[in-house]
Protein chains: 2
Amino acid sequence: MKKNKDHRTCSVGRVLEILGDRWTFMILREAFFGVRYYDQFQANLGIASNILSDRLKSLVKNGILNKKKDPEDARRVVYRFSQKGVELYSVTLALMRWGDKWLSGEEGPPLRLHHKTCGHDLEPMMCCAHCREEIRAFDVSYESGPGQDKSEEEEAD
Amino acid sequence: MKKNKDHRTCSVGRVLEILGDRWTFMILREAFFGVRYYDQFQANLGIASNILSDRLKSLVKNGILNKKKDPEDARRVVYRFSQKGVELYSVTLALMRWGDKWLSGEEGPPLRLHHKTCGHDLEPMMCCAHCREEIRAFDVSYESGPGQDKSEEEEAD
DNA sequence: AAAAATGCTTGCAAATAGCAAGTAAAATAA
DNA sequence: TTATTTTACTTGCTATTTGCAAGCATTTTT
């Protein structure tokens, strides 16, 4: 991808530079389902091995996955989430929830989630940490934060 | 992308078939910031015009954006979110929140969000709609749902 | 009537992904 | 102890996708 101008800098652009391709997030999804080894990723996803290798390297480089030798079998390499990586779970849930609602056919969603914490079926929801109300797009306004690049800033439209 | 085997079918794979490329989600981010016209998307993102055209078509085809002529200027085409599309806001927030936390430098996040509903700064959080607790990966368990493809189902690992 | 704005399309070059084969290190089987 | 298999890759080539520059058809402004 050409480096985008990302005029109105926000973190979404930065994240998508790491995760915004056709495979990276699928790899993470597998990892959230417990996959840890190269051959499992390959078998479950049907991804070309050079691409898988490249994406795993990128995820490790970006501190999302940690790579280490399996102490039980030195041929094996174990890929595990770092704290940074495991916190992408909210993105996974947001994607899954939207897909369950809008892309499932008559049959309903392919997977059911259960919230062990409260014992109920899990319906993930993006809420305000302060008031715990569900967040809708038109309830949010934006101001430039401390990390905004002033040289590129412009009026709201 | 080669059609992936998506062995353990879940909605994330379906969603990423629509949104999982280098540009589609950036286009949606711009739309969440109020962009409605072709030339604005192009100027803000620096995307090639053939690719932008292709992605907008795909978003319209998938019912995420609606396309209509601007009644005030017949040259202009207005792209607006459908309900299906606007509900991708939770994904946008999840990405932004993670990027703010993990990819901002010393300076802090580039954008500050304000929750008009409660009047406080917005810290988006993925929570359980039932108990309103924050969801963490290891608090969730999975069962196959009604839409699971039985022919491909396998034991948990 | 001519020029400019807008939203595209087209053709070609460059970058990226996919496929099949090969390799190196470690484990297991003969 | 050697041969075979497993695992995690790499390499070289082909196919697909993206980027760039130019062009085009409406509609609006001058």
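Throughout, a chain's letter reflects where its sequence line sits, starting with A, and its residues are numbered from 1.
Looking only at side-chain heavy atoms (C-beta outward), B:Phe32 and A:Val12 stay at 4.5 Å or farther from each other. Contact check for A:Lys84 versus B:Leu103: side-chain heavy atoms found under the 4.5 Å cut-off. Contact of the B:Ser53 side chain with the B:Tyr38 side chain is registered, since non-hydrogen atoms from C-beta on lie closer than 4.5 Å.
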Review item, nucleotides 3-6 of chain C N/O atoms under 3.5 Å of protein N/O:
from, atom 1, to, atom 2, distance (Å)
C:dA5, O4', B:Arg75, NH1, 3.3
C:dA5, N3, B:Arg75, NH1, 3.4
C:dT6, OP1, B:Arg76, NH2, 3.0

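Remark: C1' of C:dA21 and CD of A:Gln42 are 13 Å apart, rounded to the nearest angstrom. For the pair B:Leu45 CG and D:dT18 P, the interatomic distance rounds to 15 Å; values are reported in whole Å. Atom CG of B:Asp21 and atom P of D:dT16 are 18 Å apart (whole Å). The distance from atom NZ of A:Lys69 to atom P of D:dC9 is 10 Å, rounded to the nearest whole Å. Here C:dG7 presents its P atom at 15 Å from NZ of B:Lys68, a figure rounded to the nearest Å.
OP1 or OP2 of C:dG18 sits under 4.0 Å from a side-chain N or O of A:Trp23. Residue B:Arg22 places none of its side-chain N or O atoms closer than 4.0 Å to OP1 or OP2 of C:dA15.
Closest approach to the B:Asn50 side chain among C:dC8, D:dT28, C:dG11 is made by C:dG11 (side chain taken as heavy atoms from C-beta onward).
Within 6.0 Å of atom NE2 in A:His114, more than 12 heavy atoms from other residues, nucleotides or ligands are found, so the atom counts as buried in its surroundings.
Judged by distance alone, with hydrogens and angles left aside, the side-chain atoms of A:Ser104 form a donor-acceptor pair with the main-chain N or O of A:Asp100 at under 3.5 Å.
Residue A:Met26 comes nearest to B:Gly13 through the heavy atom pair SD-CA, 3.8 Å, listed as atom of the first residue, atom of the second, then distance. Between A:Phe81 and A:Val86 the shortest heavy-atom distance is CD2-N, 3.7 Å.
Between B:Asp73 and the options B:Lys69, B:Arg76, B:Arg75, a side-chain hydrogen bond (donor to acceptor under 3.5 Å, both in side chains) holds for only B:Arg75.
A:Asp70 and A:Arg36 are not joined by a salt bridge, as no carboxylate oxygen comes within less than 4.0 angstrom of a charged side-chain nitrogen.
A heavy atom closer than 4.0 Å to some atom of DNA chain D occurs in B:Ile51, B:Arg55, these being the qualifying members of residues 51-64 of chain B.
Counting non-hydrogen atoms under 4.0 angstrom, B:Phe41 reaches nothing in the nucleic acid.
Each of B:Glu72 and A:Arg36 lies near DNA chain D, and the nucleotide nearest A:Arg36 is the one positioned closer to the 5' end.
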